[in-house]
There are 4 protein chains.
Amino acid sequence: MDEKKLLFNNKQDKRLQILAAAAKIFTAKGFHPAKVEEIATAAGVGKGTVYEYFSSKTEVFREMLSYLLEFYKQYFEERLDRSKSVREQLFTIMSTHAHFLKNNKDLFSLILEPHQPIDEETQAWLVAERREILDGLAQIIQTGIERGELKPVNTFVAAQILLGTMISFSGEVFLAKKDWDYQEIINHILEILFQGLEC
Amino acid sequence: MDEKKLLFNNKQDKRLQILAAAAKIFTAKGFHPAKVEEIATAAGVGKGTVYEYFSSKTEVFREMLSYLLEFYKQYFEERLDRSKSVREQLFTIMSTHAHFLKNNKDLFSLILEPHQPIDEETQAWLVAERREILDGLAQIIQTGIERGELKPVNTFVAAQILLGTMISFSGEVFLAKKDWDYQEIINHILEILFQGLEC
Amino acid sequence: MDEKKLLFNNKQDKRLQILAAAAKIFTAKGFHPAKVEEIATAAGVGKGTVYEYFSSKTEVFREMLSYLLEFYKQYFEERLDRSKSVREQLFTIMSTHAHFLKNNKDLFSLILEPHQPIDEETQAWLVAERREILDGLAQIIQTGIERGELKPVNTFVAAQILLGTMISFSGEVFLAKKDWDYQEIINHILEILFQGLEC
Amino acid sequence: MDEKKLLFNNKQDKRLQILAAAAKIFTAKGFHPAKVEEIATAAGVGKGTVYEYFSSKTEVFREMLSYLLEFYKQYFEERLDRSKSVREQLFTIMSTHAHFLKNNKDLFSLILEPHQPIDEETQAWLVAERREILDGLAQIIQTGIERGELKPVNTFVAAQILLGTMISFSGEVFLAKKDWDYQEIINHILEILFQGLEC
DNA sequence: GATGAATGAGAATTCATTCAT
DNA sequence: GATGAATGAATTCTCATTCAT
């Protein structure tokens, strides 16, 4: 099953065709170097058609991120079983994240990083989305503490560590090496995060 | 002691004046939205003068990053005492990183993140620099393992966790809150990383 | 009785609906700023339908002016009684003109002024129409002279004065003030034109 | 002595070169059909240079009109002798107007007519300028009445007649016929306006 | 060396017109 | 006939770069 297909496959809907093309081009080049005409061509439509569906290049960008992020978040909801142990949940999260990246190459860099400045509004929205994701992670940690699975650590700090680790690995490992065994990497990560570095 | 001064203080040297202004403007706006004229004005020189010292806007960007990165790396060399314990060294690294950020606000986002794409060459160079930093961290971990301070973990994975955590906190904590007690945050972080999450 | 109704009331005829909408929109915004889609919407038809009845935006404009002008000229023919005195005829003309304007607000500016250039052909046609109107006025003056009502003035010059006065008052007085007593104004005008300024 | 030269001859001043070219192009084609590049070429400068001196096409238009109007108004101030009889003054005004038109062909149509809509602000400004000109004419009439030269007519109505006549003749006579004896025409006009049409 | 006026390639956006349904 | 989604030519404006002073 290919998520990219799931994500943007409805050929009937030109809006989605354009968003899919936008994701590809924006991801490869960033906001400013990406040209509207290029996106239009990649979407197989005329330049003017982009403006039938979106009022500006900025709106295309914003809508594309929004769509992607919804998809990303839903992706986790479907896979996450909160009755399992925290360690198992985190394994699922990292694994799902890696899987998502494999199928939506590079797209991730557009979501969780403090970005190339487009405009204040988009920036603020991205920061808020990031915060929401952090809160979700912190909540899982908190549950683990309450269940007695984890030490009573600062949940916000722990969430930051988790997210930072995921982002750091995103570019470096998951994307760089085509056929990396990410399950093993994730086990390494969780080993360190759960048992600690110290002897 | 103000690092910004140290970093770009030679008023005689127009080249440095321009790099200092470039750091300020590029940091605030990103590569594309930053205008050469703006940088020139901020540097107190004429627009044409920028082209006396650099062949293009891209070169200004690249040189600025390079200069900044050298400074950043040297900053650590001066402060890092490899005879101390790994935990102490990591505390120094994180603390120095936070301190650097405080004094060179936002500059960091230009250094260690997979960037807004300028051009292939700059991109590749940044990836290499990032790798070098990771190697430095991995080396410290390795030393810790050899000395018996740390468990025999995968050093590359540990380095990624450390760097990811630093980056994640950079935007979120160090920069957002003006007068945050980062020493305490760093202790939280190291507590988790050394003792682990698990009970 | 509402002339606007008379002018464009045949709801069955889409062509007239479009011309009516065109008159409204072109009048309010001028040729270039008026959008075909806007006219179509105002006419209650689809954009494509406009092109079923007219070959281009320019043709819509030309046809609209032509229709309007025919209506305008016929308007006078119906009201003008050439057996009356010239002064009475001119009063009727000015009064009818004012009345027409009240009911077809702003439309007039589209007719008698040297226009925003659409194309050579339309321009030339408008000049010819204007000339025809001048000739009509000159003819009335000529009749007055022959009847001994008027001094033997240059009829072309007199016609220009009359038309210029009407145009000048069109924008200034008739349209600007909603409920102006134009009968009184016209009497002032004719007083000056017939008795002269001089003591 | 050539007024066009006086009007826009300072080759040193690129701003004026651009305004001169703008007057020529806008006059020939109207606001919308005139292209910025065309104006630039006519001014002998690059497209970008226009934007060094003006912030937008609209500003070029506005500035051009403003400059022209100042010149036009000053043109009269220099030629008008208020101690002379009103009839002589009006002869001077019409004659000067005709002369100005001869030397600044077509430019006039840009000044005193209710225009092709550019934007609200420019429109309002033009209306105000027109009003000012009308007030000046009314003032001359008023003086004539006070001096006993003229009948006690409504000065505003008389001013409208005068201005309407001038505008009407502008397009029709002064500009159309290259070598028309406008002095004779003006005498015809004043004859009618002063002695009246009636026997 | 230093400057900033001049430039024109390039980009976002608009909108008259077409044409498949 | 009627429609409006699709289109791309055309236009305004930006800005990195050049070069005469």
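All chains are named by letter (A, B, ...) in the order of the sequence lines, taking the proteins before the strands, and each is independently numbered beginning at 1. This structure is a prediction, so every number in the text was calculated from the model and none was measured.
The salt bridge (charged side-chain N to carboxylate O under 4.0 Å, His left out) contacts involving residues 43-61 of chain D comprise nothing, where partners must be two or more places apart or lie in separate chains.
Separation of atoms CD1 (I18(C)) and CD1 (I25(C)) is listed at 12.5 Å; rounding is to 0.5 Å. In this structure, OG1 in T49(A) is found 11.5 Å from CZ in F54(A), a value given to the nearest 0.5 Å.
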**Request:** Test L65(D) against F26(D) for side-chain contact (heavy atoms from CB on, under 4.5 Å), laying out the working first.
**Result:** CA-CA 10 Å; L65(D) 276 188; F26(D) 278 135; over 6 Å; no
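If you check residues 45-55 of chain C against DNA chain F, the residues with a heavy atom closer than 4.0 Å are V45(C), G46(C), K47(C), G48(C), T49(C), E52(C), Y53(C), listed by number.
Rounded to whole Å, the distance from CD1 on I18(D) to P on dC13(F) is 14 Å. Taking atom CD on E38(D) and atom C1' on dT12(F), their separation rounds to 14 Å, with Å as the unit. The distance from atom CD of E59(D) to atom P of dC13(F) is 10 Å, rounded to the nearest whole Å.
Of all nucleotides in DNA chain E, those with any atom nearer than 4.0 Å to a heavy atom of chain D start and finish, going 5' to 3', at dA6(E) to dG10(E).
Taking the six-membered ring where tryptophan is involved, the planes of F31(D) and F61(D) are perpendicular, since the angle between them exceeds 60° and thus also 30°.
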**Asked** Reading DNA chain F 5' to 3', what string of ( ), [ ], | and . shows its pairs, if Watson-Crick and G-U wobble pairs count only when both distances fall under 3.5 Å?
**Response** .||||||||||||||||||||
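Listed by chain and residue number, K73(D) satisfy the salt bridge (Lys or Arg N to Asp or Glu O under 4.0 Å) test with E70(D) (two or more places apart in sequence, or in another chain). By the salt bridge (Lys or Arg N to Asp or Glu O under 4.0 Å) test, E63(D) pairs with R15(D), sequence neighbours left out.
T27(C) contributes a side-chain N or O that, together with a main-chain N or O of A23(C), makes up a donor-acceptor pair within less than 3.5 Å.
A residue-by-residue look at K57(C) and G44(B) shows that G44(B) has its nearest nucleotide of DNA chain E further toward the 5' end.
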Return a table of donor-acceptor pairs under 3.5 angstrom between the side chains of residues 34-46 of chain B and protein atoms on other chains or two or more places apart.
from	atom 1	to	atom 2	distance (Å)
K35(B)	NZ	H32(B)	O	3.1
K35(B)	NZ	P33(B)	O	3.3
E38(B)	OE1	K35(B)	N	3.1
E38(B)	OE2	K29(B)	NZ	2.6
T41(B)	OG1	E37(B)	O	2.9

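Residue A34(B) is classed as a sugar-phosphate contact, given heavy-atom separations below 4.0 Å to backbone atoms only.
Between M64(A) and L68(A) there is a side-chain heavy-atom pair separated by less than 4.5 Å. Contact check for Y53(D) versus L19(D): no side-chain heavy atoms found under the 4.5 Å cut-off.
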